[in-house]
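Atoms within a ligand are numbered from 1 in the order they appear, just like the ligands themselves. By convention here, the first residue in the shown sequence is residue 1.
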Amino acid sequence: MEFKGCTVFGEIYNPEDLFHGQNELITNLEKEEESAEYIRQFLTLLSVCHSIIPEYPEDGGQTIYHASSPDEIALVSGARHLGYVFEKRTPQWVEITALDKLERYELLNTIEFTSHRKRMSVIVKAPDGRIKLYVKGADSMIFERLKDDPAMEELKQKTNAHLEEFSTQGLRTLCCAMAEIPDHVYDEWQEIYQEAATDIHDRERLLEEAAELIEKDLHLLGATAIEDKLQEKVPETIAALLKAGISVWVLTGDKQETAINIGHSCRLLTPTMELLIINRDSMDTTEECLLNYIAQLSAASNGVLPKDNDAAVIVDGPTLKFALDPDLKDDFLKLCCSCRAVIVCRASPMQKAEIVELVTIRTGAVTLAIGDGANDVAMIQKAHVGVGISGLEGLQASLASDYAIAQFRFLKKLLFVHGAWNYDRLTKLIFYSYYKNICLHMVELWFAMYSGWSGQIVYERWTIGFYNMFFTAAQPIAMGVCDRYCSQEMRLKYPILYRQNQDAFNLKAFFTWIGNSLLHSMCIFWFTYWLFGPGVLWSNGKVAGYLVMGNFIYTYVVVVVSLKSGLETKSWTIFTHISIWGSILLWFTFLTAYSYVYLILPIGLEMLGIAGLVFSAPIFWLGLVFVPLATLLPDLLFKALEDTEFQTLADKLRQCEAEKVHPKAMLEKEEPFRRPYKDDLRNLGVVQALDRVLLQGYSYMSCFFMKGSNQAAKKNAQTSGEGNAGEDEEEPEEDLHSHFSDRDSDSDEEQQSALIVRNVRLNQQDILYIDGVEEIELF
Ligand SMILES: Nc1ncnc2c1ncn2[C@@H]1O[C@H](COP(=O)(O)OP(=O)(O)OP(=O)(O)O)[C@@H](O)[C@H]1O
Ligand SMILES: [Mg+2]
């Protein structure tokens, strides 16, 4: 974060006036212009009103500032540049060098910043003995506490105009004000404050009430503008999230103008997007506004609110209070869900959490919240998946989260690579675990039909116990750890792959696996039963018992489930080979060893010599080839068709990667793709983040998923023809989207998936820079 400018006594100072060439602010101060006293107090406020802890380097270099709020560091560093240097702090006083003059301010009280108060104050005894209150905070908080007089009103108007100017440049603003407190007023207040501070039941509320008593009749000094730059690759990450069908909402504590500016810079808001601004001060007017917007959007489609309107809902904190009222929240959510983006400004931590909860509960969607600061903790905890960014705002967010990352851009890898891989692996692992056990144990049922329901089990007991422990333990591990459906590079390059298999873990898939395992167990049992015939397996005419058949079956089960794991594995590695062939080999070794164990230990009597009987029967070896092949034939055919005739996008990309062909060349030859994802899929998340931009500063982001659909893609495809320079680059992707859209035009249900991004800060230059940079190649 960087101090970029300020406005003092109605006069604006830009970086050129402050840091380049002559320092106009200090010149005005030294010349004792009309604004001099305001400037003096303004700079004193910046160097005194904060909670920074200084660190003095041993080599005697410049003091290093530490604080939980990077804003404060930027402000105090800015004041240092301007000649007001914060030197030292003790619990009793603060020492500053004000233009080469050392001044000590006795610290009487510090009223801390909270996201709810949106301001912080200090009460100090100045070197001249006067008691002063310095307050800095959000404009809305400061303006409503100003002294009621015409001069102040005029100054407020001027400052407000400057604040808007700063905000539209994406700068983060803070207002500064002060008041002189007569000694007797302070003494009276101090008693109230002390009482509140020592209350053990309702301390927080009482302190807030006490603060209200003193933070009034303020003199506005001016306002600061801090640049909070976007983190590295934030727009690209958001673009990728949107391409993956994730809609992004922004939840920020910032001003509306700043938030809109950020929305534009991270490309959440596009130039064609209609901004539906909801700034109302009562329940009725908020309701009216919501209904108006709904009617307006529904007008073109016979009163039905269309999905994915090219519009963004912008709502501020005070209005949100009304919008989240039980009577209005359905309309509010309906409107928000029908638009492509939502930006909530001046949201308190509780409001952020409320929105996440509302979306999570009402839409039944999966939510992800990402944040960097303590004010995001509630939201992170409310979402299904909480991601914390360990940034300069401390570790609270990452400590409260499910996943901690260092920068917002890593979210892409977290979701598209690790998230997608793990989802795929876990899905297979769970289904496969059911599958292999059903395969083995359902055979008992089929056998029971032939054993007169006697309860006789076909396998030897110990071998049953070792099935999950040894012979089928490695396959799920290899699949669950090493399988990769498309490489990392592919997944990062083609975010649309994220949509693939998003609903792979569903009831239909579950029952398909169960059906598959039942079929396999039947095939294994009855094929073996048929091969076994009357049980005369050897030329000497001896008849085999049930346990020989049990071991035949057991062997075939191990082979079938091992090969099935291979069929399900998308990328074979050395571990896949070890797990499949190793497990089969292990069973054969075990069977051989176990058949003679009774000669040494008194266990496994009934298995004595079984291996010899099994291995000496020619029909066993015939069955070893025939049974697994016949059992897995339908699976093989299905896989072959899936990998040739019904390839998904991921399959095609995998093939391109294996053949080292550029996907574009291959996809051009193809017919429109099969839909790679389900209609009823929902995916929703919330993101918030802060971190440092490489060498420059930081940005805050917070995201919230709502919905992105192929209908949106359809619209994208249409708007791409309207000559938007930014969209030209993405034309190939839209071609791709329109393939999906065409195929799915008969479907009303759209894919639900989105992400909310909150509060990315940057300046005009960055916007240009970022607009130029963003490009994610898609075919
Ligand atoms: N240290 C501070 N002292 C005084 N006021 C502050 C301070 N930090 C922030 N503010 C004011 O309080 C408002 C709310 O702060 P909060 O931390 O809740 O959200 P935020 O920092 O603006 O945004 P984000 O949601 O990205 O964290 C800020 O917009 C700012 O105006
Ligand atoms: Mg903050």
Between Q351 and G317, is there a donor-acceptor pair closer than 3.5 Å when you use the side chain of the first and the backbone of the second?
->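 Yes, the answer is positive, given that a donor and an acceptor are paired below the 3.5 Å cut-off.
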Contact check: N375 vs ligand 1, nitrogen or oxygen atoms, below 3.5 angstrom =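 Yes, at least one N or O pair falls under 3.5 Å.
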Would you check whether P349 has a nitrogen or oxygen atom less than 3.5 angstrom from a nitrogen or oxygen atom of ligand 1?
->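 No; the residue has no nitrogen or oxygen that sits under 3.5 Å from a nitrogen or oxygen of the ligand.
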Enumerated ligand 1 atoms positioned under 4.0 Å from heavy atoms of [X]:
X	result
L174	5 (N), 6 (C), 10 (N), 11 (C), 30 (C), 31 (O)
E72	1 (N)
S115	16 (P), 17 (O), 18 (O)
G137	4 (C), 5 (N)
K352	25 (O)
A138	31 (O)
S69	1 (N)

Verdict with supporting geometry, H116 and S348, side-chain hydrogen bond (donor to acceptor under 3.5 Å, both in side chains) | CA-CA 6 Å; H116 181 242; S348 68; over 6 Å; no
Side chains of L358 and L333: closer than 4.5 Å at any heavy-atom pair?
->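 Touching, per the 4.5 Å side-chain cut-off.
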Between R119 and E215, is any pair of side-chain heavy atoms under 4.5 Å apart?
->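 They are in contact (side-chain heavy atoms under 4.5 Å apart), so the answer is yes.
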Does M141 have a heavy atom less than 4.0 Å from any atom of ligand 1?
->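 It does not, in that no heavy atom of M141 comes within the 4.0 Å cut-off of ligand 1.
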Could you see which bit of R346 sits under 4.0 Å from ligand 1, with heavy atoms only: side chain, backbone, both or neither?
->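 For R346, only side-chain atoms sit under 4.0 Å from ligand 1.
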How far does CZ of R80 sit from OH of Y65, to the nearest 0.5 angstrom?
->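 Rounded to the nearest 0.5 Å, the CZ-OH separation comes out at 4.0 Å.
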Test log, rule side-chain hydrogen bond (donor to acceptor under 3.5 Å, both in side chains), inputs Q190 and N109 | CA-CA 9 Å; Q190 171 66 3; N109 302 88; 3.3 Å; yes
Are F3 and H81 close enough that their ring centers fall under 6.0 Å?
->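 Between H81 and F3, which both carry aromatic rings, the centre distance is not below 6.0 Å.
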Return yes if a side-chain donor-acceptor contact under 3.5 Å exists between S51 and E72, otherwise no.
->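 E72 and S51 do have a side-chain donor-acceptor pair below 3.5 Å.
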